[in-house]
Amino acid sequence: MSVELATRLLSADRTAIAAAARVLGDGGLVAFPTETVYGLGADATRGSAVARLYAAKGRPRFNPLIAHVADAKAALALARFSEEAKLLAGVFWPGPLTLVLPKAEGCPVAELATAGIDSIAVRVPDHPVACDLLKAFGRPVVAPSANQSGHVSPTTAQHVRADLEGRIDLIIDGGATSVGVESTIVSCLGAPTLLRPGGLPRDAIERVLGHPLIIADAAPEHAPLAPGMLASHYAPKTPLRLNAGDVKAGEALLAFGSDAPKAAHVLNLSPSGDLVEAAANLFSHLRALDAAGARAIAVMPIPNSDLGEAINDRLARAAAPRP
Ligand code: AMP
Ligand code: MG
């Protein structure tokens with residue numbers, strides 16, 4: 001599945017921005033500088049583009065990604081802002097602050113980008129290349145760090161190239177990034193909670209709020225258990241039966257591949273057995289089958305190669321007994 005791509009490298013100028021917007025529009029992958037680190041961008045509204053991004057990074061897990069937009073107005077279409085969230089966005093955007101907020105009604109971001117959960121992380125970056133690209137593209141862009149999973153975050157185009165050459169479509173070289181560490185993540189789902197320290201110091205945020213942030217360790221319902229392992233990960237209410245070779249009475253079927261058994265409620269992750277397509281459909285299909293009122297959801301075996309590893313990780317957690 002790891003198709004070798006010709007990765008173009010362009011210096012940041014108007015031609016490069018226009019080329020990058022076209023690549024994103026075609027569902028492709030573009031690495032670009034933000035003020036924190038180089039991000040690997042994909043169209044956040046397109047599940048297949050987000051799935052390709054996971055494949056390029058070789059991430060063994062799906063965790064929710066940050067949706068980047070050009071300005072706070074564009075963020076309003078994605079998320080609902082509390083008064084404190086509005087205050088923080090007003091003071092610190094554009095900048096290295098990511099806000100976790102409830103998803104807005106009709107939020108166009110793909111289920112895979114938010115790993116199926118009802119909240120969304122949003123940021124307006126403060127870098128001329130990132131801003132121009134987001135404006136030219138006009139849709140939200142997910143952009144985790146542009147490195148292979150487990151490697152250090154890239155702060156130059158050369159770092160990106162060393163890690164992702166042949167795996168992505170385009171790199172825009174805008175020089176070294178200035179902040180060099182990831183954005184600070186604050187959840188505004190309830191009382192503002194620091195989920196990840198980063199480029200914006202905590203005391204700057206606390207001064208604006210006029211009170212301390214809750215620290216994620218003290219708030220287990222918001223805390224990532226480990227990088228990428230959110231306590232609030234999406235879990236269907238209907239029990240899952242994994243590696244199913246058949247469908248029992250009253251079960252719905254989450255199928256994969258061409259020889260799916262018959263069932264009253266069937267959704268196929270990828271009839272052709274394509275793991276990128278399967279990843280793009282995973283959360284939306286699970287949600288739809290969860291709503292079908294079945295006794296259980298039988299899940300056909302998924303190969304554990306490439307994106308299959310991340311798909312199986314999610315399915316195993318969705319099938320695990322709940323407290
Ligand atoms: P990055 O690797 O810089 O793109 O940051 C992604 C991180 O943002 C994830 O690992 C999560 O910890 C965090 N994140 C994104 N969306 C959410 C969310 N809805 N709730 C909590 N944390 C989130
Ligand atoms: Mg990273």
Side-chain angles (χ1 to χ4, degrees), residues 29 31-42 44 50 53-54 56-69 75 78-82 85 95-104 107 109-127 130 140-155 159-160 163-164 168 177 179-200 213-217 219-235 283 310 313-314 317:
L29 304 178
F32 61 94
T34 77
E35 79 279 28
T36 58
V37 299
Y38 271 73
L40 181 57
V50 180
L53 188 155
Y54 272 101
K57 279 187 64 100
R59 265 203 194 176
R61 292 220 162 93
F62 298 127
N63 53 341
L65 301 172
I66 299 169
H68 295 74
V69 287
L78 309 186
R80 284 186 280 125
F81 284 71
S82 63
L97 173 67
T98 294
L99 295 174
V100 172
L101 303 165
K103 256 189 209 171
C107 170
V109 169
E111 290 273 4
L112 182 61
T114 52
I117 59 180
D118 293 324
S119 57
I120 184 165
V122 190
R123 182 165 98 85
V124 178
D126 184 18
H127 188 289
V141 170
V142 284
S145 55
N147 53 274
Q148 285 212 43
S149 184
H151 294 193
V152 292
S153 295
T155 54
H159 295 164
V160 178
D163 243 36
L164 295 175
I168 66 176
T177 61
V179 176
V181 294
E182 273 84 358
S183 60
T184 301
I185 305 182
V186 172
S187 165
C188 291
L189 296 176
T193 301
L194 181 70
L195 297 185
R196 176 176 79 184
L200 180 67
L213 288 165
I214 297 172
I215 307 302
D217 287 343
E221 69 278 17
H222 293 145
L225 303 173
M229 280 187 67
L230 295 167
S232 55
H233 74 257
Y234 171 69
F283 292 104
D313 168 72
R314 269 303 148 172
R317 285 201 258 156

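In listed order, ligands and their atoms are each counted from 1.
Ring-centre distance between Phe62 and Tyr54: below the 6.0 Å cut-off.
Remark: distances from the non-hydrogen atoms of Arg59 to ligand 1 include one below 4.0 Å. For Asn63, the heavy-atom gap to ligand 1 drops under 4.0 angstrom.
Protein N, O or S atom count below 2.8 Å of the Mg ion (ligand 2): the structure gives 1.
Each of the following atoms of ligand 1 lies closer than 4.0 Å to a heavy atom of Ser119: 18 (C), 19 (N), 20 (N). Heavy-atom proximity to Leu195, at under 4.0 Å, picks out these atoms of ligand 1: 21 (C), 22 (N). Atoms of ligand 1 found under 4.0 Å from any heavy atom of Ile185 (numbered from 1 in listed order, with element): 7 (C), 8 (O), 13 (C). Close contacts between ligand 1 and Pro144 involve ligand atoms 4 (O) [criterion: under 4.0 Å to a heavy atom].
Nearest heavy-atom pair, Ser149 versus Pro60, reported as atom, atom and distance to 0.1 Å: OG-CD, 3.5 Å. Across Thr36 and Arg123, no two heavy atoms sit closer than the pair OG1-NH2, 3.5 Å.
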| request: Would you check, one step at a time, whether the test side-chain contact (heavy atoms from CB on, under 4.5 Å) holds for Phe81 with Leu99? | output: CA-CA 9 Å; Phe81 284 71; Leu99 295 174; 4.1 Å; yes
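In summary, Lys103 and Asp118 do not engage in a salt bridge, as defined by a charged side-chain N under 4.0 Å from a carboxylate O.
Looking at ligand 1, you'll find an N or O of Arg196 within less than 3.5 Å of one of its N or O atoms.
No side-chain donor-acceptor contact under 3.5 Å links Ser187 and Thr193. With 3.5 Å as the limit, one finds a donor-acceptor pair spanning the side chains of Glu182 and Ser153.
The only member of His159, Gln148, His151 that meets side chain to side chain contact (heavy atoms under 4.5 Å, CB included) when paired with Leu164 is Gln148.
In this view, Phe283 satisfies the ring-ring contact (aromatic ring centres under 6.0 Å, His included) rule with no residue, not counting sequence neighbours.
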